[in-house]
2 protein chains.
Amino acid sequence: MTQIRTRLERGRSALGPALALVHTGRAPTRALLTSELGVTRATAGAVAAELEALGFIRVDTRPGGASGAQGRPSHGLDLDPAGPVVLAAQVHSDGFRAALVGLGGRIVATAPGCMTVPADPAHVLGAVVEAGAELLRASGRTCLGAGLAVPSAVAEPEGTALNPLHVAWPAGSPVRQVFAEQIARAGITGPGGAPMASFLGNDVNVAALAEHRHGAGRGAGQLLVVATGHRGVGGALVLGGRLHTGSSGLALEVGHLTVNPAGRPCHCGSRGCLDVEVDPLAFLEAAGRPPGPAVSLLEQARDLLRDEYEDPAVRAAAHTLIDRLGLGLAGLVNVLNPDRILLGGLHRHLLDADPERLRAVVADRSLWGRSGSVPLLACALDHNSLVGAAELAWQPVLDDPLTALGG
Amino acid sequence: MTQIRTRLERGRSALGPALALVHTGRAPTRALLTSELGVTRATAGAVAAELEALGFIRVDTRPGGASGAQGRPSHGLDLDPAGPVVLAAQVHSDGFRAALVGLGGRIVATAPGCMTVPADPAHVLGAVVEAGAELLRASGRTCLGAGLAVPSAVAEPEGTALNPLHVAWPAGSPVRQVFAEQIARAGITGPGGAPMASFLGNDVNVAALAEHRHGAGRGAGQLLVVATGHRGVGGALVLGGRLHTGSSGLALEVGHLTVNPAGRPCHCGSRGCLDVEVDPLAFLEAAGRPPGPAVSLLEQARDLLRDEYEDPAVRAAAHTLIDRLGLGLAGLVNVLNPDRILLGGLHRHLLDADPERLRAVVADRSLWGRSGSVPLLACALDHNSLVGAAELAWQPVLDDPLTALGG
DNA sequence: CTGACTTTGTGCCGACGCTAAACAAAATAG
DNA sequence: CTATTTTGTTTAGCGTCGGCACAAAGTCAG
């Protein structure tokens, strides 16, 4: 069932959908573009030609192909290696990372940075944007937007970070506004000198977007992602290729599902929340291994799961956390009924440790065996939050390439 | 952010959106149709004329209006009282109800029936369809589709009822198929003699759809509905005007959220589920009033709340259930972040009994005060499941009026 | 190597759905 | 009665896409 449209949207040509198909790798040839788009070959040809003229793609028209299939080989559609990029950045507890990301989720250039500056949004984002501006200057490529991923719930439409505790920012900081200001200050402008379009997203949310378009979530119609980084649990839902962030950006706050009624108290006022029961610290404590200061909690947990899984205490701790994670996932399955679930951070390592156990718990505790048998996979992208931040910036381009170029 | 369209859909004209606007009462005049549609007056005029020619609406072009506003008064757009209808039906534990429903959610004719026939889908639906066919013959109006609401989870795309226990049908009955067969058997066909399009939905799901389009959910972007009938709790989510049923129809199975960790055991294997903690029977038991056989449990609970709320035991029971309902709603708010919540059945009576308490619990137990302050309202439609079943059948017409008429 | 076959790219024309602009109509305000 | 506001109508034109015919580039069979 299609939505009751209240307003006819602009950009109704096939240009945007076509670019999205190439972007997500679903249209590597012009023939596939034709079929996926559901238009005639003539239209697909015109669209491909226009995308090439706009500088997004290159149509490989060389006759050299020995494809093996019958019939005339189709022209290849490649993303233009000199095409436009977006500025993407990620802020986390250890520092930040700025990058230029092209279409297809391709990281063109990247620059890490540490958090030596005062823990204040304006200073941190000033450094982030400075690093990005330097990358942009060095590359000489056109920039069409900017996206930032933060480890915090993001309230829409204001673009404020409600709990950026891992980066020690004040709750409610107007992060998107600060980001945009720093970009303007650095002299980065969009096509035609317009202010650069700036976007902000929660790191797990945008990671889900990246996984859906370029990673383990490709082709999923309703993708649920649950992940944990250092502390706390984040969730995300991608519906029909779009991030579902709820009416004010606060959906999928899954950290406070109850997974252990008699468990440890949580700052939310309840007990046994996913947030405090299934994160790296909880695992290390359950395994009787006090966390050391050397590496991050996540790395310690990962190494323990990988290297000492034969240790009965480690295994018992893993089983306990797997059972609780499964309980939380089952609750989400009952409410959301996704057709695929991706796990990140510690959760993916728990999945790797004993996939059958986790799948069994989810199936057992969800109402219908059918929806309980939803595939559970690990996240597949290396820098999914970074690429996801770029996806935020790419979105208007995919929706309407002409307008995004300043047409 | 708009979806990455993989395929250009048919029916891209403004005809469908325009009909939807009149259907939902958002375009009572041609001028409003113009602005809501976002097209020029010329286009809106052509669209309105075509909808009138198709028999859906009537354009009231009489100059008699003294509207009070400046400028030329706009032509009124009324639904054609002789326009097409759909066949809608609802099956519940006490019997069934068949009806003809016009655009705008207007019940044109209705016929109740009791469950004297054997509790078998084919027999019951045979009687339902027979009643509907009789209404159709008597009305002489064109029928464009058929929708059925059942008190059961419905698996998509098969259209099977997974737990139709209240009507004593076998789990997994192919209800949509049986419904369609009975319609064909009764000789009801669509325009041009094509088989009548038949739809099946869970009763709470379709009720949510009806409330969104014609009731207390109008204008909500992300509407959550939670309701209980006789036993058990159902949920529904309407996103962007569309029912969100998950990847296989099983989303919003909210009955097994834990709201009382030490509570009574549930058939799902857990304890203290919403399903068994906040339904009419649980309320009557908590109030120390053993259920009598005279009227339904829901009516007994409603009367108790209305007439004896001063009784300390009743009030204490209500508070207990309100607190547990609020806990469940808060969990849903954290995951879904809707911008409005509607309550039905016992839940609406609990809301009526003490709105402040319920709102406070939801706000307190949801993570962000902001999303916790989501408006809580009671369902407003008299026969929302019946009208919602009709909405299922109207949907293809709203999406593409021309094709639905057999163009 | 040659010809049949399959599949894809291209050019041309028309249909459709909309916008833009100018004008006419129907009300209110003074 | 006239000016103003708002809406309906007519006409011309544009942009996007489908349909069709034809050309192009490969495989397959002999």
Side-chain angles (χ1 to χ4, degrees), chain A residues 5 7-19 21 27-54 57-78 399-403 407, chain B residues 5 7-19 27-54 57-77 399-403 407:
Chain A
R5 287 183 296 180
R7 198 164 289 272
L8 295 181
E9 63 276 15
R10 301 252 136 238
R12 278 171 50 198
S13 88
L15 215 58
L19 185 57
L21 285 170
T29 69
R30 241 195 60 175
L32 278 169
L33 181 66
T34 304
S35 59
E36 288 289 305
L37 223 42
V39 298
T40 59
R41 291 197 301 271
T43 303
V47 165
E50 177 144 18
L51 286 179
E52 186 172 33
L54 293 173
I57 69 171
R58 289 189 132 140
V59 181
D60 178 10
T61 179
R62 296 166 318 187
S67 65
Q70 253 191 46
R72 174 175 175 176
S74 188
H75 293 176
L77 300 180
D78 304 313
D399 287 340
D400 189 347
L402 274 177
T403 304
Chain B
R5 287 182 296 180
R7 197 165 290 273
L8 295 180
E9 63 276 16
R10 299 253 137 236
R12 278 170 50 196
S13 89
L15 216 56
L19 185 57
T29 69
R30 242 194 60 173
L32 278 170
L33 181 66
T34 304
S35 59
E36 287 290 304
L37 222 41
V39 298
T40 59
R41 291 198 301 272
T43 303
V47 164
E50 176 144 17
L51 287 179
E52 187 172 33
L54 292 173
I57 70 171
R58 290 186 129 141
V59 181
D60 178 9
T61 178
R62 297 167 317 186
S67 65
Q70 249 190 52
R72 173 175 177 176
S74 188
H75 293 174
L77 300 180
D399 287 340
D400 189 347
L402 273 176
T403 304

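In what follows, every chain begins at residue 1, and chains take the letters A, B, ... in the order their sequences are listed. These numbers come from a predicted model, not from an experiment.
If you take CG of B:Asp60 and C1' of D:dT7, they are 14 Å apart, rounded to a whole angstrom. One can place CG of A:Leu32 at 14 Å from P of C:dT7, the figure rounded to the nearest angstrom. Remark: C1' of C:dT8 and CG of A:Leu37 are 16 Å apart, rounded to the nearest angstrom. Counting to the nearest Å, the P atom of D:dT6 and the CG atom of B:Leu33 are 19 Å from each other.
Comparing C:dC18, D:dC17, C:dT6 by their closest approach to the side chain of A:Gln70 singles out C:dT6.
Heavy atoms of B:Thr40 sit under 4.0 angstrom from at least one base atom.
In terms of phosphate contacts, A:Ser74 brings a side-chain nitrogen or oxygen within less than 4.0 Å of OP1 or OP2 of C:dG9. In this structure, B:Thr43 does not reach the C:dC18 phosphate: none of its side-chain N or O atoms is under 4.0 Å from OP1 or OP2.
A distance of 9.0 Å separates CG of B:Leu54 from CG of B:Leu19, quoted to the nearest 0.5 Å.
When each of A:Gly71 and A:Thr34 is assigned the nucleotide of DNA chain C with its nearest heavy atom, A:Gly71 is the one assigned upstream, toward the 5' end. Mapping B:Val47 and A:Ala31 onto DNA chain C by nearest heavy atom places A:Ala31 closer to the 5' end of the strand.
The minimum heavy-atom distance between B:Ala31 and B:Ser74, with the atom names listed, is N-OG, 2.8 Å.
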Would you list the protein and nucleotides 9-12 of chain D atom pairs, both N or O, that sit under 3.5 Å from each other?
| residue | atom | partner | partner atom | Å |
| --- | --- | --- | --- | --- |
| D:dT9 | OP2 | B:Arg30 | NH1 | 2.4 |

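Taking A:Asp60 as the reference, A:Arg62 meet the side chain to side chain donor-acceptor pair (under 3.5 Å) condition, with sequence neighbours excluded. Residues satisfying the side-chain contact (heavy atoms from CB on, under 4.5 Å) test with A:Ala46, not counting sequence neighbours, are none.
At a threshold of 4.5 Å between non-hydrogen side-chain atoms, the residues B:Leu77 and B:Leu33 count as touching. Between B:Pro17 and B:Leu37, the closest side-chain pair of non-hydrogen atoms falls below 4.5 Å.
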